[in-house]
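One-based numbering, in listed order, for ligands and for the atoms of each.
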Amino acid sequence: MIVDRQGRRFRNLRVSLTAACNYACTYCVPDGKRLVAAQDELSGQALARGVAYLVEAAGIERLRITGGEPLISPRLEAFLDSLAGLGLQDVSLTTNGQLLARKLPLLRAAGIRRLNVSLDTLDAGAFRQIARGGDLASVLDGMAQARAAGMSIKVNMVPMRGQNLDQVLPLLEYCLAQGYELRFIELMRMGHLARDGNAFLQQFVSLEQLLVLIGQAYGYQQASAALDATALRYQIPGRGHFGVIANESVPFCRTCSRLRLSSTGWLHGCLSSGNRHFIGDLLDKPRHQALPALQRLLVKALADKQDMAFSGGVTVMKVIGG
Ligand code: SAM
């Protein structure tokens, strides 16, 4: 097992199935142009072999499938099929929910029981302005169908001043009523927001500001969370929970156990680091050749982690899936 000075190791892997997306969210894509898949994206089987090798070489326990938008990827089915038997403790998926109703049977058949659905507003007009693709009704319907099929759902919202701050309380009330756990993600300095500090600061809403806003309408108390959890969790007695992923306000770098694999075969050990390590060429090799080389790259990827605080990076989230 590869462990660093702070006792960190990779346990959680996020695989981006494609960089393509049917949205063009303002915080992810500055020019509003929809993203297309890169020419050199790996096959579903090759990505799953990457997962298998990383389970062995790094001790990966949990997998999250992301993107781009994973549900638009033609590799989804082959990838899911190839995951069986890898001994993962948990497989979950992050999606914008647009195609959720249609893909639900496939996800259920693959044993996926936990979904994160990104939704920044319940206002159809604001939805169009932020996501610049898709439609709100399909997302709400997809989540309802997934819940009816027994899936547990977390909703990811990025609160932004000037865009959807007025939606914090309506979305929280909606999620509490529907039995979804809302998780607020503090805006991160990624991609164009790493280069344009003003745009970031104008929109950024901190944990403290968020809690003041929520406290005006609900009584809440902090709840316990796993040691390497990224979200702070709060309980609203008698109603449910919400969480805050406070990258800026309460950085969790010291306990970060995440590793990311892009759809083109690059490993990223840290969102704040520009470093990445290519493993695409190892995936055709037999196990005994691939694993030692992979271990050398994993040592480098682990060394890329920040010691203390998340500082953002120019990597665009669509490439590695947040
Ligand atoms: N398409 C999928 C989705 O919409 O969930 C997966 C990819 S998306 C990049 C993953 C998550 O990253 C979403 O919840 C999105 O809101 C979040 N995200 C992207 N850019 C971000 C930023 N600059 N700050 C905070 N969250 C961001």
Self-check item: Under 3.5 Å: N/O of Asp120 near N/O of ligand 1
Solution: no
Self-check item: Glu77, CD atom: more than 12 neighbouring heavy atoms under 6.0 Å
Solution: no
Quiz item: What pair of heavy atoms forms the shortest contact from Arg147 to Gln178, and how long is it?
Solution: NH1-OE1, 2.7 Å
Practice problem: Report the member of Phe184, Tyr23, Tyr27 with the shortest heavy-atom distance to atom 17 (C) of ligand 1. | Solution: Tyr27
Self-check item: Any N or O of Leu187 closer than 3.5 Å to N or O of ligand 1
Solution: no
Exercise. Would you please say whether a donor-acceptor pair under 3.5 Å links the side chains of Arg64 and Thr94?
Key: yes
Quiz item: With a 4.0 Å cut-off on heavy atoms, is Glu186 touching ligand 1?
Solution: yes
Quiz prompt | ligand 1 versus Asn116: contacting region, heavy-atom distance under 4.0 Å | solution = neither
Self-check item: Heteroatom proximity flag, Gly68 to ligand 1, N/O under 3.5 Å
Solution: yes
Quiz prompt | Atoms of ligand 1, numbered as shown, that sit under 4.0 Å from any heavy atom of Thr66 | solution = 6 (C), 7 (C)
Self-check item: Atoms of ligand 1, numbered as shown, that sit under 4.0 Å from any heavy atom of Val158
Solution: 16 (O), 25 (C), 26 (N)
Quiz item: What atoms of ligand 1 come within less than 4.0 Å of a heavy atom belonging to Asn156?
Solution: 14 (O)
Quiz item: Around atom CD of Glu208, are there more than 12 heavy atoms of other residues, nucleotides or ligands at under 6.0 Å?
Solution: no
Practice problem: Please say which of Asn156, Asp120, Asn22 ends up in a side-chain hydrogen bond (donor to acceptor under 3.5 Å, both in side chains) with Asn96. | Solution: Asn22
Practice problem: Measure from the side-chain N and O atoms of Glu186 to the backbone N and O of Glu248, and report whether any donor-acceptor pair falls under 3.5 Å. | Solution: yes
Quiz item: Are Leu88 and Leu106 in one and the same hydrophobic cluster, where Ile, Leu, Val, Met, Phe, Trp and Tyr link if side-chain heavy atoms are under 4.5 Å apart?
Solution: yes
